[in-house]
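Reviewing the structure listed below.
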Amino acid sequence: MNNKSRLSLLVVQILMVSLMAALFGRLFYLQVAAGPKYRDAALSIQSRDVVAPATRGLIVDGYGVPLAMNKAGLAITIDRIAIDKLEDKGVGVMQRLAKLLKLQYKDIYQNTRLCGELPKGQKAGCWQGSRYQPIPITKSADPDIALQIVERSDSFPGVDAQPIAIRSYPSYLDVNAAHVLGYVGPLTENDLLKGNGKQYFRSETIGKTGLEIQYDSFLRGEPGIRTVIVDRKESVTRESQNTKPVAGDHLVTSLDVRLQASAEKALKDAVMRGRANGYTSDSGAAIVMDIKTGRILALASYPTYDPNAWEKGLTVQQAEDLFSEKKSVPALNRALQGLFAPASTFKSVSVVAAAAAGYNLNGIYKCPSEVQIGNRAFQNFDSKNQGSMNMKKAIAVSCDTIWYQIAYDEWVRDGGLKPKSSPNDYFFKAAQSFHITEKVGIDLPSESRSRLADRAYKKSWYQQNKDFYCNYKERASKAQQTPFLLQLAAENCVDGDKIRAGDAVNFSIGQGDTVVTPLKLTQMYAAIGNGGTIWQALVAKAIVKTDGTVVKTFTPNKLGTLTAAPSTIKFLQGALREVVVSGTGAGVFAGFPIEVSGKTGTGQVFGRNPNGSLKDDTSWFASFAPSKKPRYAVVMMVGQGGFGASTSGVGVKQIYSTLFGVVGNKVVPGAALFPEGKPPTKLPKISPATKPKGATK
């Protein structure tokens, strides 16, 4: 053998040794170094999790009265493993079950299919969990029928009846509170995709809206997990782990069930009163806030819905009605999602602006029937000439023309359509000091941000709408091409990015493009009442374990302070008291034994209802009380409710009557909700059996 052959053989040998070394190295890695990892991976392919949901924590008011709790239900369940082994795959069983329970077979079939077994677009009502756990068909079965099923196991193989916890909203004192509490529902694919770092199991029920979703991580608890190992035929071979569920923690809120009931009733009565007076009166909101802390004591929105409906099961029609314009969108929480022109309640901001601009708040001003601005006459409410008056009376009787003139004069001083490089913008700055464009920060989802029609807004709006208005005849429908709208479009095309004279005067009386949520207006009036502190709104007080251990407490944050001088705030407080003593709110509160300070508002609304009729005015009443030592802010809004005093003002009076224990214009000793003059600060003992005074449910 020559040297060349020997060299070739050596190379082959080295190559063979290298390959063998690599192979053994890889085998060592897979079997030893990475063995645990791949064993776990193999196990996960063969394992199936059976989830036992945890008992959800309670939501209670400040005295421990349950607002959301759990009640015992009787679930009829189907074992997919058992019925899939039947010759007909359980069709006969499900048909007999449908007849007995008076359900549709197709619904039972759909409810027992895993979501992955159904075609895309046909997954409604499918089972998100595992086939290795009983699948509930109904959670509220009749005990007699359940007994028949259990006794006739030969006719219903794989079917069982077992007790189950159902989320319940007990409605003590007829409290609804749906927009605060929210509701729970089964986990969906969207929930899994959102995740937000949470570990979910497919068969779980989680919070969907309101406090239920806001504090879901505390309320939900930890589900029990039973992991079973299956073979290739999906038969269970052994149990890998079995952990017990851990009950969720309880949520203590600042709500008071008695005050919540009063607010809901007063709001509904106000809506009905508006309709009785000939207005559309289609919606509303009512809020009660502790102005010393920002805590929410009651919050109501109208129309509402039954939060228990999701456990009972929504029909297609019920689901559509929740978001129907004709039904006034019951799903919308108008207290923190609805945006409305604040109307004359905004004149409190204008007082701060006038003081900053150097106007004498104690001076005498003319209140004519109208003020000519350019080629348009801006009229007083009802076109009345009310003579000369001081600023306090102007607020009391809600004169518009005084503010038209002041706002116009300041607009001219700031340069008009050619503003100075650094305009004073007293009105805009006064509004900004109330933090109008910042969210209230309430611990409820989907709060809307109020809008301030200042210079920045106008520029942003113009960029978004310039093309539409500059091509209005081509873009707008025939119905939108009225002489007024055509002229408005032409003006918006030319100088829609500027504050015009009309914008300035409308701004001063809370009309135009400025809109606020009822919750934001509550925060603003709370700040006036407490001397200038802007508090974050908060519903939650604490998270408490079932044994009473406090897990977490929640304290509202101070968000800012009004820039107004103390003397201005004091003047404003006096002016708002005058509204109720001798102004637009005097008739409603005549003889009322508690001193209330507030402001009426009647906001004009542009547009039409679904039936084609013109929209009615928005009714407002914003207030705080007692006037000398303010503690509570109460605001009510009724959409298309007409006058502020006669619709919303009466509702606010009802709420104060409950709060202070007033019956027939007399304070009943011991009837006030908070005998110490302030809401409770001590955390209550929590029991599902706790009921408020007077509860019959």
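- There is a side-chain donor-acceptor pair under 3.5 Å between Gln523 and Lys520.
- Note that the CG atom of Leu519 and the OG atom of Ser448 stand 10.5 Å from one another [nearest 0.5 Å].
- Residues Leu521 and Met524 form a side-chain contact, since some pair of their non-hydrogen atoms from C-beta on lies under 4.5 Å apart.
- In summary, the aromatic rings of Tyr359 and Tyr426 are positioned with their centroids too far apart to meet the 6.0 Å limit.
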- Item | Worked verdict on Ile402 versus Met389 for side-chain contact (heavy atoms from CB on, under 4.5 Å) | CA-CA 10 Å; Ile402 284 178; Met389 63 187 67; 4.0 Å; yes

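- Judged by distance alone, the side chain of Asp414 and the main-chain N or O of Asn424 form a donor-acceptor pair under 3.5 Å.
- Looking at Val638 and Arg273, their side chains never come closer than 4.5 Å, going by heavy atoms from C-beta outward.
- In summary, the aromatic rings of Tyr469 and Trp461 are positioned with their centroids under 6.0 Å apart.
- Ion pairing between Asp495 and Arg500 holds under the 4.0 Å rule for side-chain N and carboxylate O.
- More than 12 heavy-atom neighbours from other residues, nucleotides or ligands sit within 6.0 angstrom of NZ on Lys498.
- Counting only heavy atoms from C-beta outward, the side chains of Asn380 and Cys367 approach each other to under 4.5 Å.
- Looking at heavy atoms from C-beta onward, Phe660 lies out of side-chain contact with Val667 at the 4.5 angstrom threshold.
- Ring pair Phe589/Phe592 is perpendicular by interplanar angle, where above 60° counts as perpendicular and below 30° as parallel.
- Remark: Ile395 CD1 to Phe571 CZ distance equals 7.0 Å, nearest 0.5 Å.
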- Item | side chain to side chain donor-acceptor pair (under 3.5 Å) evaluation trace for Gln432 with Asp454 | CA-CA 9 Å; Gln432 288 162 0; Asp454 56 10; 3.2 Å; yes

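- Between the side chains of Gln464 and Ser460, at least one donor-acceptor pair of N or O atoms lies under 3.5 Å.
- Distance check: Asn665 CG to Ile594 CD1 gives 10.5 Å after rounding to the nearest 0.5 Å.
- Atom CG of Leu572 and atom CG of Leu361 lie 9.0 Å apart (nearest 0.5 Å).
- Note that the CD1 atom of Ile287 and the CG atom of Leu267 stand 9.5 Å from one another [nearest 0.5 Å].
- Judged by distance alone, the side chain of Ser619 and the main-chain N or O of Phe643 form a donor-acceptor pair under 3.5 Å.
- A donor-acceptor contact closer than 3.5 angstrom is absent between the side chains of Asp617 and Thr602.
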- Would you check, one step at a time, whether the test side-chain contact (heavy atoms from CB on, under 4.5 Å) holds for Val588 with Phe621? CA-CA 11 Å; Val588 171; Phe621 196 91; over 6 Å; no

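- Residues Leu673 and Arg258 approach most closely at O-NH2, 3.3 Å, considering heavy atoms.
- When all heavy atoms of Ala537 and Ile296 are compared, the closest pair comes out as CB-CD1, 4.0 Å.
- Formation of a donor-acceptor pair under 3.5 Å by the Thr401 side chain with backbone atoms of Pro368 is found in this model.
- Closest heavy-atom contact between Gln654 and Asp269: NE2-OD2, 3.3 Å.
- Taking CG of Asp256 as the start and CG of Asp290 as the end, the distance is 12.0 Å to the nearest 0.5 Å.
- Nearest heavy-atom pair across Lys292 and Pro630 is CE-O, 3.5 Å.
- Side chain of Glu264 to backbone of Ala177: a donor-acceptor contact under 3.5 angstrom is found.
- Across every non-hydrogen atom of Gln573 and Phe624, the tightest pair is CG-CZ, 4.1 Å.
- Considering Ile291, Ile655, Leu297, Leu259 in turn, Leu297 is the only one that fulfils the side chain to side chain contact (heavy atoms under 4.5 Å, CB included) rule with Tyr632.
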Would you list the atom pairs, donor with acceptor, under 3.5 Å between side chains in residues 332-358 and any protein atom, with sequence neighbours excluded?
from: Asn333; atom 1: OD1; to: Ala335; atom 2: N; distance (Å): 3.2
from: Asn333; atom 1: ND2; to: His179; atom 2: O; distance (Å): 3.2
from: Arg334; atom 1: NE; to: Ser283; atom 2: OG; distance (Å): 3.2
from: Arg334; atom 1: NH1; to: Ser328; atom 2: O; distance (Å): 3.1
from: Arg334; atom 1: NH1; to: Val329; atom 2: O; distance (Å): 3.3
from: Arg334; atom 1: NH2; to: Ser328; atom 2: O; distance (Å): 2.6
from: Gln337; atom 1: OE1; to: Asn333; atom 2: N; distance (Å): 2.7
from: Gln337; atom 1: NE2; to: Ser446; atom 2: O; distance (Å): 3.3
from: Ser344; atom 1: OG; to: Lys347; atom 2: NZ; distance (Å): 3.2
from: Ser344; atom 1: OG; to: Ser398; atom 2: OG; distance (Å): 3.1
from: Thr345; atom 1: OG1; to: Pro342; atom 2: O; distance (Å): 2.6
from: Lys347; atom 1: NZ; to: Ser398; atom 2: O; distance (Å): 3.1
from: Lys347; atom 1: NZ; to: Ser398; atom 2: OG; distance (Å): 3.0
from: Lys347; atom 1: NZ; to: Cys399; atom 2: O; distance (Å): 3.2
from: Lys347; atom 1: NZ; to: Asp400; atom 2: OD1; distance (Å): 2.6
from: Ser348; atom 1: OG; to: Tyr525; atom 2: OH; distance (Å): 2.9
from: Ser350; atom 1: OG; to: Ser508; atom 2: O; distance (Å): 2.6

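- Although no hydrogens or angles enter the test, the distance criterion places no donor-acceptor pair under 3.5 Å between the side chain of Trp403 and the main chain of Ala394.
- No side-chain donor-acceptor contact under 3.5 Å links Asp282 and Thr280.
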- Kindly indicate, with the supporting measurements, whether the criterion side-chain contact (heavy atoms from CB on, under 4.5 Å) is fulfilled by Val440 and Glu447. CA-CA 8 Å; Val440 173; Glu447 179 193 348; 3.3 Å; yes

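- Judged by distance alone, with hydrogens and angles left aside, the side-chain atoms of Lys393 form no donor-acceptor pair with the main-chain N or O of Glu578 at under 3.5 Å.
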- Query: When you look at Phe427 and Val505, which way does the side-chain contact (heavy atoms from CB on, under 4.5 Å) test go after all the steps?
  - Reply: CA-CA 10 Å; Phe427 281 86; Val505 298; over 6 Å; no

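- A 4.5 Å side-chain heavy-atom check between Phe674 and Arg631 finds every atom pair outside the cut-off.
- In terms of modelled atom types and a separation under 3.5 Å, the side chain of Arg275 and the main chain of Ser281 share a donor-acceptor contact.
- The minimum heavy-atom distance linking Val180 with Val539 is given by the pair CG1-CG1, 4.3 Å.
- With Gln481 contributing its side chain and Ala476 its backbone, the two residues share a donor-acceptor pair below 3.5 Å.
- Atom NZ of Lys384 has 12 or fewer neighbouring heavy atoms from other residues, nucleotides or ligands inside a 6.0 Å radius.
- Checked against the 6.0 Å centroid threshold, Phe428 and Phe507 count as a close aromatic pair.
- At a cut-off of 3.5 Å, with distance as the only test, a side-chain donor of Tyr656 or Ser623 sits close to an acceptor on the other residue.
- Looking at Thr647, its side chain never comes within 3.5 Å of a backbone N or O of Gly642 through a donor-acceptor pair.
- At least one donor-acceptor pair closer than 3.5 Å links the side chain of Asn506 to the backbone N or O of Gly502.
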